[in-house]
Amino acid sequence: MRFEGLDLNLLVALDAILEEGSVVRASQRLHLSQPAMSAAIGRLRQYFNDDIFTMSRRKLVPTPLARSLERPTRDILLRVRANLISAPGFEPANSQRRFRIVVSDYASIVLMHPVMKRVYREAPGISLELLPFNDRVDDQLERGEVDFIIMPDVNAVDDHPRQHLFADEFCCIAWTGSRKIGRSISLGRYLQLGHVTAQFGPIRRPSFEEKALARSGYKRRIEVIAPNFTTMVASVIGTDRVATVHKRLAVIFARSFPLKLLHAPVRIPAFREMLQWPASFHADPALVWMRETISDVASEIDRTPAARMRFG
DNA sequence: CCACGAAGTTGGCCATCCAC
DNA sequence: GTGGATGGCCAACTTCGTGG
């Protein structure tokens with residue numbers, strides 16, 4: 001069967017080869033043999049009257065025409081998935097859908113925990129896969145590999161819809177047993193103490209607070225670099241170290257751990273958490289439902305501004 | 001008009017070749 | 001040795017001619 005003379009299955013093959021950069025890997029991905037995939041390239045060559053791929057130093061190189069087809073092909077396939085495969089008859093209460101969400105451990109605790117409780121009540125068949133940040137989130141959005149990314153709005157990926165979730169600000173935390181740190185902390189003492197910070201992902205991306213402090217020009221001594229915010233908070237317990245963390249996270253942790261919360265003696269800009277999703281999935285009813293659920297929980301959180309949250 | 005069978009087409013796999 | 005291309009073969013499907 002053809003659409004205007006084109007076998008649409010060839011678009012699936014083209015997308016797989018462009019993404020994998022290899023006929024063998026593309027064939028494995030589509031559960032075809034390598035010759036079948038090679039034949040698909042042959043049919044693409046015939047239809048487009050172009051080499052589509054050439055070999056250079058044992059690497060498969062897409063021709064300019066193939067490159068120009070990459071974006072529209074992926075867009076078409078993502079739209080088919082969003083509008084034809086996922087869409088029909090989405091009912092939260094009966095759906096077995098899995099959502100893949102890239103989110104920090106901070107937003108997992110502050111936002112996703114109440115979201116998960118609500119999903120558990122309203123859509124018990126739905127599962128959530130929370131994924132850590134990596135260096136190719138923009139690529140993952142582009143390819144539709146993830147359904148949502150939750151991150152600071154300053155890191156937003158262009159060309160994909162976004163939505164504000166909630167704002168937060170920063171405070172300091174210290175162990176309640178610390179004798180060097182009292183009920184407040186001066187700038188001088190803050191800069192004298194050992195600090196705990198966090199860096200993320202394979203390239204050790206600094207946290208929002210780390211970048212803000214670096215911009216302010218203050219020199220502080222980092223004694224612990226944690227892989228995430230949760231470890232960062234736990235790392236001050238039993239020490240005289242101080243950590244500068246999101247206030248909403250600090251308030252939650254202080255309910256369970258021996259932590260005192262202090263006003264940060266340096267000014268760190270307020271922080272806005274944001275939701276992004278692939279533009280191709282914009283109309284997918286399942287994503288619309290999850291977007292509304294997350295947004296609804298976030299607006300409840302945002303109803304209590306971080307500045308009005310009481311310490312202790 | 002419908003059922004049936006032969007021939008053609010398509011796209012899969014396996015084996016193999018070729019280039020690097 | 002690895003990765004892509006090709007030839008031969010096979011199964012499924014389509015097309016077309018023929019007979020009832």
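Order of the sequence lines sets the chain letters (A, B, ...), proteins ahead of strands, with each chain counted from 1.
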Participant: Using atom CD of A:Gln34 as one end and atom C1' of B:dC18 as the other, report the distance to the nearest whole Å.
Facilitator: 12 Å
Participant: In this structure, how many angstroms lie between the C1' atom of C:dA5 and the CD1 atom of A:Ile41, rounded?
Facilitator: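 About 9 Å, once rounded to whole Å.
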Participant: Just to verify, what does A:Leu77 make a side chain to side chain contact (heavy atoms under 4.5 Å, CB included) with, not counting sequence neighbours?
Facilitator: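 For A:Leu77, the residues satisfying side chain to side chain contact (heavy atoms under 4.5 Å, CB included) (neighbours in sequence not counted) are A:Val12, A:Asp15, A:Thr73.
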Participant: So, does A:Arg43 get its side chain near the phosphate of B:dG12, meaning an N or O under 4.0 Å from OP1 or OP2?
Facilitator: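 Answer is yes, contact under 4.0 Å.
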Participant: Look at A:Arg45 and C:dA5 and indicate whether a side-chain polar atom (N or O) is within less than 4.0 Å of OP1 or OP2.
Facilitator: yes
Participant: Sequence neighbours excluded and cut-off under 3.5 Å, please list the side-chain donor-acceptor pairs for residues 185-194 of chain A, or say none.
Facilitator:
unit_1   : atom_1 : unit_2   : atom_2 : d
A:Ser186 : OG     : A:Arg189 : N      : 3.1
A:Arg189 : NE     : A:Gln192 : OE1    : 3.3
A:Arg189 : NH1    : A:Lys180 : O      : 2.3
A:Tyr190 : OH     : A:Thr244 : OG1    : 2.6

Participant: Which part of the nucleic acid, if any, lies within contact of A:Ala39, taking any heavy atom under 4.0 Å across all strands shown: a base, the sugar-phosphate backbone alone, or nothing?
Facilitator: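 The residue A:Ala39 makes no contact with any strand.
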Participant: Of all the choices, B:dC14, C:dA5, C:dG4, which nucleotide is nearest to the side chain of A:Pro35 once you look at every atom?
Facilitator: B:dC14
Participant: Specify the separation, in whole Å, of atom CG of A:Leu44 and atom C1' of C:dA5.
Facilitator: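 Roughly 15 Å, once rounded to whole Å.
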Participant: Ignoring hydrogens and angles, state whether a donor on the side chain of A:Asp302 or A:His164 is under 3.5 Å from an acceptor on the partner side chain.
Facilitator: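 Present: a donor and an acceptor within the cut-off.
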Participant: Return the value, rounded to whole Å, for the distance between atom CE of A:Met37 and atom P of B:dC14.
Facilitator: 15 Å
Participant: Looking only at side-chain N and O atoms, does A:Ser38 come under 4.0 Å of OP1 or OP2 in C:dT6?
Facilitator: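 Negative; the distance criterion is not met.
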Participant: From CZ of A:Arg25 over to P of C:dT2, roughly how many Å is that when rounded to an integer?
Facilitator: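 For the pair A:Arg25 CZ and C:dT2 P, the rounded distance is 14 Å.
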Participant: Using ring centroids (six-membered ring only for Trp), state whether A:Phe253 and A:Phe229 fall under 6.0 Å.
Facilitator: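 A:Phe229 vs A:Phe253: aromatic centres not under 6.0 Å.
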